[in-house]
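Note sheet for the following structure.
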Amino acid sequence: MAGLQEKGRGAEAAFTLLRVLLPVLLALVVGGLILVALGKDPLAYYRFVVERGLLSPIGLQASITRMAPLLLIAAGLIVAFRAGLWNLGVDGQFLLAAVFVAALAPSLVAGGLPHILVILVCFAVAAAIGAAWSVIPAYLKAEHGINEIISTLMMSFLGVSLANVLIKLPFNDPSTTVPQTATLAVEDRLARLGGTTIHWGVLLGLAAVIGVHYLMSRTSLGLKLQIVGSNPRTAIHAGIDVRRLTFLAFAISAAFAGLGGAVDVMGVQGTIRADWNPAYGILVIPLIFLARFNGWAVIGFVFFFAVLMIGGESAARRMGVPTFYVLVQVALLLVFFAVVEMLDHARQKRRGA
Amino acid sequence: MEHLLTAAFLGSLLLGAVTAGVPLLLAGLGEQISEKAGVLNIGLEGMMLFGAYFGFAVAYQSGSFALGFLAGGAAGAVAALVMVLLCVRLGMNQIVVGIAITLAGEGLTALLHYFTFARSYPRLDKIGTLAVPGLSGLPVVGDALFNRSLLVYLAVLLPFALIWVFRRTQFGLNLQAAGDKPAALDAAGVSVMGTRAAAVLLTGFLGGLGGAYLSTVGGGLFLPFMTGGAGFISIVLAMLARGKPLWVLFGAFLFGASLSLTTAMQVAGIDVPTDVIQMLPFAMVILVLVVFGRHSYLPPALGLPYHRGER
């Protein structure tokens, strides 16, 4: 009997692995076919991406560094999605916070504030700006039941334009020809780890994802949020203040996106030029689904994706495949994720019946 | 302030409002059809982009705007077919698939553009217009409203046609039932999936047509990400219109006007940073949602896949 159970568990683990890896594999294959259609060699492209994003020491460090903002955004999305809130406005929250930090940090340094305080103040401001940008969608959702997908997207477009206005007008550094914020000197940025180019924001990102994972699965707040997410009516009957939790979940989610902006500016960018919008958020969203809201799996996917991004950016320069290709790949990942998810449901139903 | 009210300013504002409003009108009406039938189509932005690229490519190659419009509509419908298969037929999450279609639309059209037109940025000539006798000579409104291409007149008539479809035809009633109480429609012997599939395909066609108008007539060229959120604004229009086509018409031209304000202000000689103007339509959406949000209405079965025999 024990052997049989063991076998069942092994098969289940294999299925879980398959469920995760199959969409990735299918997306790579179909993405490769699209490359063929565009007259590019997919194998050469993928080899180049892996070499530049994973195997070369510089590339690997760049990939790990890129994980910092992605992980912080992901932490926020885990909270929102598990609470059943589709916060699709992370890009606006991220960029607006990033722009405020980019303007604030150099002036704080110039004001003689100690390094550690500069960081603390900037992080606090970033979290507050991000959270503030989620208040209206939270209000609309909590008070009028308005679909947050639309309201967060609208706030995101608004935030991206506002960020540009801020860079071009009040935060513009007059000493440069292109509109951009003042530059944070390299020695004032987030410290690097050991002899690498990786800054400690990555550790913060890892801590955030793991912390959020435990918040959602081990604390009463997390449990309440999950009840709100899975069945708001049950939540009301259980005496949970759905209104308050809606605001809270939105605020936490957006604050993490804002922190992501702060970390990217203070760790890597140092300054923001007008019209800079990496749109990390819309690309992280699919990864959260692929990881099925599990923090540990999110870390794995974020790493995989950071390699694709860094390698893809190199490939854009060297192989003439523009970075838009990454968008296609993410779309394919989502579609195949949905297909595999559905097949799995059907399988479980058959076993249940 | 008085130079804001000159004929040149008003004429250019109105002209721009119609040009920017037509894609919103077409896509918004399309979304309304899907929402009525219980499908939330978040992929509209992507469908518009497919329409914009293929509409432009075909119009450019063939030299015919009509063929371009047809190709744009068809491209939107093909993208919608993915949604029909995955969401309507297989019951997958409409939001996940919708995001995927939007991302695919952004990525694929930008890639195709890179490999086809990115080196030369070809432009189309202006589309031919049909002047309405007697009215096209009017000051201010004449050129803006009564000297437009055929598609503009058809787009403005479409809400009235839809009112008739929604109220007077069996198909219209089926759509309504598919969104309000799909099980009742099923019990009446009408296929819920068939009704919803038709609705989503129509949405894709209209969204693609709107995208094609945007690229071929609005810009005369294709640019990556050129819809810039127009698809999402159209979804908001459909949400706030509460199933009433005339409200989409009204909203589309209101938002069209705010989108075209930049050009009009330049005509009037007022220098406002374009980014400030770009915020306007989105700020307006938020304001409208905050003020009128209580009144937005979506059908009870919206976003839920229909499975026979399940409750």
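All heavy atoms count here, side chains included; hydrogens, waters and symmetry mates do not. Not measured: the values here are computed from a predicted model.
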Any side-chain heavy atom of [X] sitting closer than 4.5 Å to one from [Y]?
X	Y	answer
M47(B)	N41(B)	yes
L240(B)	W247(B)	no
F56(B)	P122(B)	yes
F250(A)	P137(A)	yes
F232(B)	F282(B)	no
I285(A)	F289(A)	yes
L108(B)	Y53(B)	no

Chain A contact via [X] - which portion, at a heavy-atom distance below 4.5 Å:
X	answer
V285(B)	side chain
M92(B)	side chain
L90(B)	both
I235(B)	side chain
I233(B)	both

Counting only heavy atoms closer than 4.5 Å, note whether [X] contacts chain B via side chain, backbone, both or neither.
X	result
L140(A)	side chain
K141(A)	neither
V339(A)	both
L332(A)	neither
L88(A)	side chain
M342(A)	side chain
L162(A)	both

Do you know which of A37(A), G320(A), S151(A) has the most heavy-atom pairs under 4.5 Å to chain B?
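So the answer, after comparing A37(A), G320(A), S151(A), is G320(A).
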For the candidates G159(A), P322(A), P286(A), which exhibits the highest count of non-hydrogen atom pairs separated by less than 4.5 Å from chain B?
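Option with the top pair count is P322(A).
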Would you say the side-chain atoms of S134(A) pair up with the backbone N or O of A131(A), donor to acceptor, closer than 3.5 Å?
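Yes; at least one donor-acceptor contact below 3.5 Å.
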Sidechain-backbone polar pair: N172(A) side chain, P174(A) backbone, donor-acceptor under 3.5 Å:
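Checked: no pair found.
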I would like to know whether L25(A) and F336(A) meet side-chain contact (heavy atoms from CB on, under 4.5 Å); could you show each step before the answer?
CA-CA 9 Å; L25(A) 217 67; F336(A) 290 119; over 6 Å; no
Pairs of heavy atoms under 4.5 Å with chain A: top-ranked of L280(B), T109(B), I99(B):
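So the answer, after comparing L280(B), T109(B), I99(B), is I99(B).
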